[in-house]
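Numbering of residues begins at 1 and proceeds along the displayed sequence.
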Amino acid sequence: MLLIFLRVGGKLNLIILEEEDFITENIVRLSGRRYNHMMEIHKVKKGQKLIIGKLNGKMGSGEVLDINDEEIDMKVNLNQNPPKPLSIKIIMAMPRPKVFKRIIRDLTSMGIKEIYIIKTWKVEKSFWNSPVLSEKVLKDSIILGLEQGKDTIMPKIEIFKRFKPFIEDDITGIIEGTKALVADPFSEKREIKDFENKPITLAIGPEGGFIEYEINMFKKYGFEDLNLGDRILRVETVLPYLIGKFS
């Protein structure tokens, strides 16, 4: 089987608006990154309409009213609901910081609304000191994902730096009403089709997988193990593959 992953670049598919952008009930003023993108990529002119959406709100269209050297004013009409989220929750061992932002952006663009970042034995301690976990960097990555995926609803992202308390105190509430699966490259292979079209909670370990103790803890609290085959895949590869299978 041939798997092809494409990363779409170029124009933003949706321009995200925030509360502070509104100067009246239906007029917004944009500057900075969005202004630069609209001028350089969209090459906007007065009267042009673009797809927009209010963060955690509705989507619609925005008509360019005025342009100067630093700002663009738009009249907005927000009358559409954002797309339905996927019925998939992700529990993910903290990945390498250099790919973390991209993973968050991609999960957001695919419609994942609950993401839990956890400490596992194979996660390096230095990862937790990375600025990619700061509130600002997380939000920036989420916004880019929403713009790519034409969505407005931010996912919930929670970070847990202790594995055992996470499993014992939080996991039951997270997996309620879902089929809970933990990826384990050393378990017996299961057919993914057996779990398709069901609400899923999917736990993905670091490269090389969870250790045996961690797998057993997941299974103790209701997870079934899932083997994807003989190959050991990177987190950024296995996540879109599995989400595509389950959605």
Mind running side-chain contact (heavy atoms from CB on, under 4.5 Å) on L17 and V76 for me, showing each step along the way?
CA-CA 10 Å; L17 310 175; V76 302; 3.9 Å; yes

Start with the C-alpha distance between K179 and E224, add both sets of side-chain angles, then the distance that settles salt bridge (Lys or Arg N to Asp or Glu O under 4.0 Å), and finish with yes or no.
CA-CA 8 Å; K179 173 66 73 174; E224 296 182 40; 2.9 Å; yes

The test is side-chain contact (heavy atoms from CB on, under 4.5 Å); show your working for D21 and R34 and say whether it passes.
CA-CA 11 Å; D21 297 322; R34 291 168 299 174; 2.7 Å; yes

When you look at E71 and S31, which way does the side-chain contact (heavy atoms from CB on, under 4.5 Å) test go after all the steps?
CA-CA 5 Å; E71 298 170 328; S31 59; 4.1 Å; yes

Pair D106, R102 - check side-chain contact (heavy atoms from CB on, under 4.5 Å), show working.
CA-CA 6 Å; D106 290 348; R102 185 171 74 243; 3.7 Å; yes

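Closest heavy-atom contact between P82 and D151: CB-OD1, 3.4 Å. Nearest heavy atom pair, residue V123 against residue A93, reads CG2-CB, 4.0 Å. Across P97 and V132, no two heavy atoms sit closer than the pair O-CG1, 3.8 Å.
Considering CG of N68 and CG of D73, their distance stands at 7.5 Å, rounded to 0.5 Å. Atoms CG and CD1, from L107 and I115 in turn, are 4.5 Å apart once rounded to the nearest 0.5 Å. Taking CZ of F166 as the reference point, atom CD1 of I117 lies at 10.0 Å (rounded to 0.5 Å). For the atom pair CG of D66 and CD1 of I72, the computed distance is 9.5 Å after rounding to the nearest 0.5 Å. Note: I91 CD1 to I174 CD1 = 5.0 Å, rounded to the nearest 0.5 Å. I15 contributes atom CD1, which lies 9.5 Å from atom CZ of R33 (distance to the nearest 0.5 angstrom).
Counting only distance, with no hydrogens or angles, the side chain of K113 and the backbone of I153 share a donor-acceptor pair below 3.5 Å. D225 places no side-chain N or O within donor-acceptor distance of the main-chain N or O of D184, the cut-off being under 3.5 Å. Between the side chain of S130 and the backbone N or O of F127 there is no donor-acceptor pair closer than 3.5 Å. Not a single donor-acceptor pair under 3.5 Å links the side chain of Y35 to the backbone N or O of R29.
Linking Ile, Leu, Val, Met, Phe, Trp and Tyr residues whenever their side-chain heavy atoms come within less than 4.5 Å leaves M39 and L65 in two separate clusters. Tracing side-chain contacts under 4.5 Å through hydrophobic residues (I, L, V, M, F, W, Y), one never reaches M94 starting from V182; they form parts of separate clusters. A single hydrophobic cluster is not seen to contain both I167 and L226; linkage of ILVMFWY side chains at heavy-atom distances under 4.5 Å, directly or through other members, places them apart. In the hydrophobic clustering of ILVMFWY residues, with side-chain heavy atoms under 4.5 Å counting as a link, L144 and I16 come out apart. V235 and L242 fall within the same hydrophobic cluster, defined by Ile, Leu, Val, Met, Phe, Trp and Tyr side-chain heavy atoms under 4.5 Å apart, directly or through other members.
By the 4.5 Å heavy-atom criterion applied to side chains, D140 and I142 are not counted as neighbours. The shortest side-chain heavy-atom distance between I200 and K89 does not fall under the 4.5 Å cut-off. Inter-residue side-chain proximity for I215 and M217 is flagged as unmet; no heavy-atom pair is nearer than 4.5 Å. You'll find the side chain of H42 reaches within 4.5 Å of the side chain of H37, heavy atoms only. The shortest side-chain heavy-atom distance between I103 and M92 falls under the 4.5 Å cut-off. When side chains are defined from C-beta on, L86 counts as touching I243, because their heavy atoms get closer than 4.5 Å. Residues V137 and K101 have side chains in contact (heavy-atom distance under 4.5 Å, counting atoms from C-beta outward). Taking 4.5 Å as the limit, some side-chain heavy atom of I90 sits within range of a side-chain heavy atom of L239.
Counting heavy-atom neighbours within 6.0 Å of K150 NZ, excluding the residue itself, gives a total of 12 or less. Atom NZ of K122 has more than 12 heavy atoms from other residues, nucleotides or ligands within 6.0 Å. Around atom CD of E20, more than 12 heavy atoms belonging to other residues, nucleotides or ligands sit under 6.0 Å away. Applying the 6.0 Å contact sphere to CD of Q80 captures more than 12 heavy atoms from other residues, nucleotides or ligands. The local environment of CD in E176 is sparse, with at most 12 non-hydrogen atoms from other residues, nucleotides or ligands closer than 6.0 Å.
Among F223, F218, W121, the one residue that satisfies the ring pair (Phe, Tyr, Trp, His ring centres under 6.0 Å) test with F210 is F218.
Listed by chain and number, the residues in a salt bridge (Lys or Arg N to Asp or Glu O under 4.0 Å) with E18 are K139 (sequence neighbours excluded).
Taking 4.0 Å as the cut-off between side-chain N and carboxylate O, E212 and K219 do not count as a salt-bridged pair.
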Side-chain donor-acceptor contacts of residues 155-164 below 3.5 Å, not counting sequence neighbours, with atom names and distances?
unit_1, atom_1, unit_2, atom_2, d
K156, NZ, Y116, OH, 3.3
K164, NZ, E168, OE1, 3.4
K164, NZ, E168, OE2, 2.7

Hey, can you pull the donor-acceptor pairs under 3.5 Å for the side chains in residues 47-59, sequence neighbours left out?
unit_1, atom_1, unit_2, atom_2, d
Q48, OE1, K45, N, 3.1
K54, NZ, E19, OE1, 2.8
N56, OD1, M154, N, 2.9

